[in-house]
Number of protein chains: 2
Amino acid sequence: MLKYRDPLSLAFQALADPTRRDLVDRLLRGPASVSQLAEPVDMTMSAVVQHLAVLEGAGLVRSQKIGRVRTFQVDPDGLRRTEDWFRPRRTPTESRLDRLGEHLARSEPPQENP
Amino acid sequence: MLKYRDPLSLAFQALADPTRRDLVDRLLRGPASVSQLAEPVDMTMSAVVQHLAVLEGAGLVRSQKIGRVRTFQVDPDGLRRTEDWFRPRRTPTESRLDRLGEHLARSEPPQENP
DNA sequence: CCAATACTGAAGCATGTGCTTAAGTATCGG
DNA sequence: CCGATACTTAAGCACATGCTTCAGTATTGG
């Protein structure tokens with residue numbers, strides 16, 4: 001079939017599995033090794049590694065290996081690019097608020113609880 | 001396996017297919033019948049109907065049948081609920097702008113290009 | 001050094017997915 | 001009424017996915 005190889009399809013596909021979304025959530029709290037990621041999950045490390053490969057293939061996480069430990073972390077750009085699919089597809093009512101938000105974001109840096 | 005039945009998984013799964021995203025895009029320009037949706041797509045109407053069933057099962061579109069014509073339209077809430085998964089998962093830098101947007105959206109109705 | 005640790009990779013099984021074809025069932029227009 | 005229209009549904013095929021087991025390969029601590 002060889003048809004779902006575009007980045008958006010890969011990302012949505014990756015997020016369609018609750019185990020993988022849990023892994024993303026874990027990684028949002030900070031980088032973690034394969035063992036650390038596998039520990040709370042009720043399946044073999046092998047399966048977790050396969051899930052991580054899907055997430056990495058979708059550009060949602062990245063990893064690097066130091067010694068025998070591979071450490072994963074979220075790729076914020078991957079998440080943002082996926083979320084960006086929705087923005088131009090909001091209904092007009094939602095879009096008006098949205099355009100305001102973008103306008104303000106462009107014009108003034110925000111204040112943290114002034 | 002029977003494991004991907006939660007609404008979020010269904011929605012992401014539905015959006016993981018380019019044909020289905022195209023159908024959503026078509027429907028964002030206005031409601032359409034099955035025939036109208038199937039016409040520009042290079043596959044049988046049967047296949048398109050199956051794609052539409054996936055989208056409807058995921059709560060991304062709705063349909064009603066009048067006479068022999070079934071008309072589909074986007075369900076904006078379904079799309080918004082799916083997009084909402086990303087919001088609390090943005091990195092801190094992005095989140096600051098985001099919280100500003102929400103704050104402003106709550107306080108003042110926007111002006112259209114004054 | 002060498003056994004424990006931390007993955008890695010291949011094979012295999014059960015199910016799920018994306019199509020097609022083919023045979024329906026309603027409704028409508030004349 | 002009756003043929004065209006507009007779906008609907010079921011069966012079946014090829015390939016994808018989510019696991020498991022099992023057999024590796026590097027690293028590392030003592």
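The figures that follow rest on heavy atoms only: side chains count, while hydrogens, waters and symmetry mates do not. This is a predicted model, so every value here is computed, not measured.
How far CG of A/Leu23 is from CG of A/Leu60: 11.5 Å, rounded to the nearest 0.5 Å. One distance of note links CD of B/Gln73 with CG of B/Leu27; it measures 8.5 Å at 0.5 Å rounding.
When distances are taken from the side chain of A/His51 to each of C/dT20, D/dC7, D/dC19, the shortest belongs to D/dC19. Here the side chain of B/Val34 is nearest to one of D/dT20, D/dC7, C/dC19, namely D/dC7. For A/Met43, the listed nucleotide lying nearest its side chain is D/dT20; candidates were D/dT20, D/dC7, C/dT17. Listed nucleotides C/dC7, D/dA6, D/dT8 differ in distance to B/Val69; the shortest reach to its side chain belongs to D/dA6.
One atom, CG of A/Leu10, and another, P of D/dA16, lie 13 Å apart when rounded to the nearest Å. For the pair B/Leu23 CG and C/dG18 P, the interatomic distance rounds to 12 Å; values are reported in whole Å. For the pair A/Phe12 CZ and D/dT17 P, the interatomic distance rounds to 16 Å; values are reported in whole Å. Taking atom CD of A/Gln64 as the reference point, atom C1' of C/dC7 lies 16 Å away to the nearest angstrom. Rounded to an integer number of Å, the gap from B/Leu55 CG to C/dT17 C1' is 14 Å. A/Met45 places its CE atom 16 Å from the P atom of D/dC22, with the value rounded to the nearest Å. Summarising the geometry, the separation between CZ on A/Arg5 and C1' on C/dG18 is reported as 13 Å, rounded to the nearest angstrom. The distance between atom CD1 of B/Ile66 and atom P of D/dT5, rounded to the nearest whole Å, is 21 Å.
Map A/Arg20 and A/Gly67 each onto its nearest nucleotide of DNA chain D; the residue landing nearer the 5' end is A/Arg20.
Base engagement by B/Thr44 is indicated by at least one non-hydrogen atom pair under 4.0 Å involving a base atom. Residue B/Ser46 is classed as a base contact, given a heavy-atom separation below 4.0 Å to a base.
By the 4.0 Å N-to-carboxylate-O rule, A/Arg80 lies close enough to A/Asp84 to be salt-bridged with it.
Note: B/Phe86 and A/Phe86 have tilted aromatic rings, judged against thresholds of 30 and 60 degrees for the angle between ring planes.
For B/Thr19, no side-chain nitrogen or oxygen approaches OP1 or OP2 of C/dG18 to under 4.0 Å. For the OP1/OP2 pair of C/dT8 and a distance below 4.0 Å, the side-chain nitrogens and oxygens of A/Arg68 include no atom meeting the criterion. At the phosphate of D/dT17, neither OP1 nor OP2 sits under 4.0 Å from any side-chain N or O atom of A/Gln50. A sub-4.0 Å separation between OP1 or OP2 of C/dT8 and a side-chain N or O of A/Lys65 is present.
Hydrophobic clustering (side-chain heavy atoms under 4.5 Å, transitive across Ile, Leu, Val, Met, Phe, Trp, Tyr) groups A/Val74 together with A/Val49.
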